[in-house]
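Chain identifiers are assigned alphabetically (A, B, ...) following the order of the sequence lines, protein sequences preceding nucleic acid strands; residue numbering begins at 1 within each chain.
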Number of protein chains: 2
Amino acid sequence: MKKKEKFRSPIAEAMHETVRGMHRVGLVDKQTMREFDVRCLTSVEDLTAADIVAMREEAGVSQAVFARALNVTTDYVSKIERGAKRPSGSTLKLLSLMRRKGFEAIL
Amino acid sequence: MKKKEKFRSPIAEAMHETVRGMHRVGLVDKQTMREFDVRCLTSVEDLTAADIVAMREEAGVSQAVFARALNVTTDYVSKIERGAKRPSGSTLKLLSLMRRKGFEAIL
DNA sequence: AGAACTATAGGACATAGACCCATAAATATC
DNA sequence: GATATTTATGGGTCTATGTCCTATAGTTCT
């Protein structure tokens, strides 16, 4: 079994363990714990056009491949990288996910 | 002087070499080989409203938590589940990702 | 009974994101 | 060297995604 890194910071992990401990002694139910995790881990960072270019270039793929991975069109990626359009909602989430976990994590 | 790279990443190189080998043996044609790098990334399943409800219920979360994980609004999730709206693009990708890898994979 | 959370359902509306075309640079193939 | 092909930019138009708003109603708490 492989070690899976669920949290980025030790602080976040410590918080998770704290609440998990509360769950063990019955202070919080499973639903609350899951919601806690979601609230903690779903923060999406604002990404600039330059950030996205950097992410794509680090992945070493073309705009076409990058677009396919996001399930958007190629020229939309182009517009995003030029700052002509701003990604939002689920697109931003997907990009944020990719930044944290790597390009392969969203394939 | 920078070493001239034929491919942008080890991953891309590995993928390309694999398909190129298939081309040599005649398993794929030239056209397919040319666009393999892009085509191999396009696997987004169509999800019905019922599928999405089932996914959320299996994850055991409310529409609010589900929406937050996708970085969309709560009543958009409600509309999707009722079939009033259809997810597309990156939203569909994110849902597809979640279906294949589990709810925790997109946190 | 009163909060608080849950989900449905309506309408109004802005813009994300698709689709269209042309241009031009690198790179691949002959 | 000539010719395709890939790559990316940049213009425009336009649909419907997705947000925001309000109201209604069923649960599950205290």
Distance, rounded to the nearest Å, where [X] contributes [atom1] and [N] contributes [atom2]:
X	N	atom1	atom2	result
Glu57(B)	dT6(C)	CD	C1'	13 Å
Ile52(B)	dT17(D)	CD1	C1'	13 Å
Ile80(A)	dA8(D)	CD1	P	14 Å
Leu70(A)	dA16(C)	CG	C1'	14 Å
Asn71(A)	dT17(D)	CG	P	14 Å

Fill in: Student check: side-chain heavy atoms of Ile52(B) and Pro87(B) closer than 4.5 Å
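They are in side-chain contact.
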
Practice prompt. Please check if Met98(B) and Leu107(A) belong to a single hydrophobic cluster, counting links between Ile, Leu, Val, Met, Phe, Trp and Tyr side chain heavy atoms closer than 4.5 Å.
Written response: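 Met98(B) clusters together with Leu107(A).
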
Item to complete: Check whether Ile106(A) and Val53(A) end up in the same hydrophobic cluster, where Ile, Leu, Val, Met, Phe, Trp and Tyr are linked by side-chain heavy atoms less than 4.5 Å apart.
Response: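 Shared cluster, no.
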
Worksheet entry | Side chain of Thr73(B) (C-beta onward), nearest among dA8(D), dG17(C), dT19(D) |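 Of the candidates, dT19(D) comes closest.
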
Worksheet item: Side chain of Ser88(A): nearest nucleotide among dA16(C), dA18(C), dT17(D)?
Response: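 Out of dA16(C), dA18(C), dT17(D), the nucleotide with an atom closest to Ser88(A)'s side chain is dA16(C).
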
Worksheet item: Side chain of Asn71(B), backbone of Ser90(A): donor and acceptor closer than 3.5 Å?
Response: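 Such a contact is absent between Asn71(B) side chain and Ser90(A) backbone.
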
Worksheet item: Which stems, defined as runs of 3 or more consecutive Watson-Crick or G-U wobble pairs with both pairing distances under 3.5 Å, involve DNA chain D?
Response: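 DNA chain D stems, ordered by first number: C:1-5 with D:26-30, C:7-9 with D:22-24, C:11-19 with D:12-20, C:21-23 with D:8-10, C:25-30 with D:1-6.
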
Worksheet item: If you round to the nearest 0.5 Å, how far is CD of Gln63(B) from CD of Glu57(B)?
Response: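 Glu57(B) atom CD to Gln63(B) atom CD measures 9.5 Å (nearest 0.5 Å).
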
Fill in: Ile80(B) CD1 to Asp75(B) CG distance, which is reported to the nearest 0.5 Å
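The CD1 atom of Ile80(B) sits 10.5 Å away from the CG atom of Asp75(B).
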
Worksheet item: Taking protein heavy atoms under 4.0 Å as touching, what does nucleotides 8-14 of chain C look like 5' to 3' if B marks base contact, S marks sugar-phosphate-only contact and - marks none?
Response: BBBB---

Worksheet item: Does the side chain to side chain contact (heavy atoms under 4.5 Å, CB included) test come out yes or no for Arg99(B) and Asp51(B), once each step is laid out?
Response: CA-CA 9 Å; Arg99(B) 186 173 179 87; Asp51(B) 288 333; 4.3 Å; yes

Practice prompt. Assess whether side chain to side chain contact (heavy atoms under 4.5 Å, CB included) is satisfied between Leu47(A) and Met55(A), documenting all intermediate values.
Written response: CA-CA 10 Å; Leu47(A) 298 169; Met55(A) 288 168 60; 4.2 Å; yes

